[in-house]
Amino acid sequence: MKKGQVYEGIVERVDFPGKGIVRVGEETAVVKMCLPGQKIRFSVSKVRKGKAEGRLLEVVEQSPLETGHPCSHFGLCGGCTYLSLTYEEQLKVKEAQVKRLLDGVLTGKQGEWIFEGIKGSPKEYEYRNKMEFSFGDEYKDGPLALGMHKRGSFYDLVTVADCRIVDEDYRLILKTVREYFAALSVGFFHRLSHVGYLRHLLVRKASKTGEILVALVTSSQDPQEGKEGEHITEQELVDGFLQALLGLEKSGQLEGKFAGILHIVNDSVADVVQSDRTDILYGQDYFYEELLGLRFKISTFSFFQTNSHSAEVLYETARSYVGELGGENKTVFDLYTGTGTIAQLMAPAAGKVIGVEIVEEAVEAAKKSAAENGLTNCEFIAGDVLKVLDEVLEKPDMIILDPPRDGIHPKALPKIISYGVERIVYISCKPTSLVRDLEVFLGNGYVVEKAVAVDQFPWTTGVEVVALLRKEK
């Protein structure tokens, strides 16, 4: 294949994360955003060491696996890749992806191991408990949009008013906020010029308690800069935003209830949701969620699994992999603990659980949740795992790892391995990072005993994996 040429081929399979393997004669190319069985046209964008990468131009023929979809934004929004498949077929795709990755790193490097397939989400739709919507426009100089990035675009947005992976409260809040600011001709923050006011809308809703936390993220610039005619102050603008949301609850349109409504000022040039200043407009800056009989305090930026229903499946699986800890004299390290969910679930079976998390806000929430759940044997430390392990005097009998998408820091891996614990449970939200880290564990006396995939993110390319590692004697 040659760069710049256009080809047609059949998608043989899709590797994680969403890399279509397309066959053209005797050759293959990697093309994103396609589905198994589709016939596609693509242009070759790169050829390196005999491997071609292409850009999807057109789906010539649909896959026999496709059965339609329930979302008007499918194909435009970059969120849901597998929505036109049945849920069973999507699970098969993800299960095969994880198995190929694990086989690739384990075959020939250890003995037999058990792959337990994939566990589906109890809810296929309306499962997310957190969304970060962006302000922008659907095309250059178009009307105000609030939603997700268009597929394959960094700048253009889709107002996802019909999104199927969130419930009606999210859709209603999104519609209300967009219409409010559009009517007042408030401009959005442009990612190139760094000029504008509106940046993001963060919405979190507890699946079990129904509590809702909303945060409007803006710059500190004039919200109506360049607008002709009458201006209103920023305070009046924000007050109107607050009243528009509270009106949804007062009118009985919401199923849930607001725990807090915030205004966050963020002047970073990076397109990320962060806070230079946070004002509480209503209520508080946290809410509560319940998992497996425990209650968790979640603040604005706390990490918490985005699918509470499937999180219970994930954590029950992790707890079963941990097995019997042996009681009061056993210490468990829960590294990358987030809001301390796993640590608190393990606490009744251990003498002490030490959770380490770099986000201080999440650590404070974890401490309060543990106290409210009556757990006195949990200790939470704020800091980078790489540095904290040098300062902790206790030695673990068991280690649980739940790192961010990029996996474990390469310098932290030797420290974790040096404890020589008999068993490690590794929870991964990015299987390619997991298999990279497994290479190191395998080279240092550990083997994978068993692993299972868990579908935390139906219809998207994401999938979680839980692996039990055992140190060979």
| task | Side-chain contact test, heavy atoms from C-beta onward, threshold under 4.5 Å: evaluate it for I118 versus V452 and give yes or no. | result | no
| query | Checking side chain to side chain contact (heavy atoms under 4.5 Å, CB included) against E289, which of T341, I298, L294 comes through? | reply | I298
| said: Donor-acceptor check, side chain of K94 to backbone of G462, threshold 3.5 angstrom: yes or no? | reply: yes
| query | Is E132 salt-bridged to K130, going by a charged N under 4.0 Å from an acidic O? | reply | yes
| request: Output, in order, the C-alpha distance, side-chain angles, deciding distance and verdict of side-chain hydrogen bond (donor to acceptor under 3.5 Å, both in side chains) for Y197 and D222. | output: CA-CA 7 Å; Y197 183 71; D222 183 349; over 6 Å; no
| request: Using the ring of F380 (Phe, Tyr or Trp, six-membered ring only), decide whether K367 places NZ or CZ under 6.0 Å from its centre and within 45 degrees of its axis. | output: no
| message | Students often mix this up, so state it plainly: with edges at 30° and 60°, are the rings of W459 and Y125 parallel, tilted or perpendicular? | response | parallel
| query | Can you check whether V217's main-chain N or O pairs, donor with acceptor, with N266's side chain at less than 3.5 Å? | reply | no
| said: Donor-acceptor pair, distance only, cut-off 3.5 Å: does the side chain of Q456 make one with the backbone of A311? | reply: yes
| query | Can S84 and F74 be said to form a side-chain contact (heavy atoms from CB on, under 4.5 Å), step by step? | reply | CA-CA 8 Å; S84 60; F74 180 67; 3.8 Å; yes
| query | Looking at side-chain heavy atoms only, is the closest gap between E66 and Q38 below 4.5 Å? | reply | yes
| task | Kindly determine whether K119 and D455 satisfy salt bridge (Lys or Arg N to Asp or Glu O under 4.0 Å), including the steps that lead there. | result | CA-CA 6 Å; K119 297 182 179 183; D455 189 24; over 6 Å; no
| Is E312 salt-bridged to K208, cutoff N-O under 4.0 Å? | yes
| request: Salt-bridge test for K39 and E8: reply yes if a basic N is under 4.0 Å from a carboxylate O, no otherwise. | output: yes
| Does a side chain donor of either D406 or S433 reach within less than 3.5 Å of an acceptor in the other side chain? | no
| Think K450 forms a cation-pi with Y321, using NZ or CZ under 6.0 Å from the six-ring centre and within 45 degrees of its axis? | yes
| request: Would you please say whether a donor-acceptor pair under 3.5 Å links the side chains of D239 and Q235? | output: yes
| query | Looking only at side chains, do T317 and S320 share a donor and an acceptor under 3.5 Å apart? | reply | no
| task | Indicate yes or no: does D162 engage R171 in a salt bridge with an N to O separation below 4.0 Å. | result | no
| message | Less than 4.5 Å apart, side chain to side chain, heavy atoms only: is that true for I173 and V177? | response | yes
| Angle class for the F304/F296 ring planes (parallel below 30°, perpendicular above 60°, tilted otherwise)? | tilted
| field | Chi angles and distances behind the salt bridge (Lys or Arg N to Asp or Glu O under 4.0 Å) call for E95, K92 | value | CA-CA 5 Å; E95 180 179 359; K92 289 178 183 178; over 6 Å; no
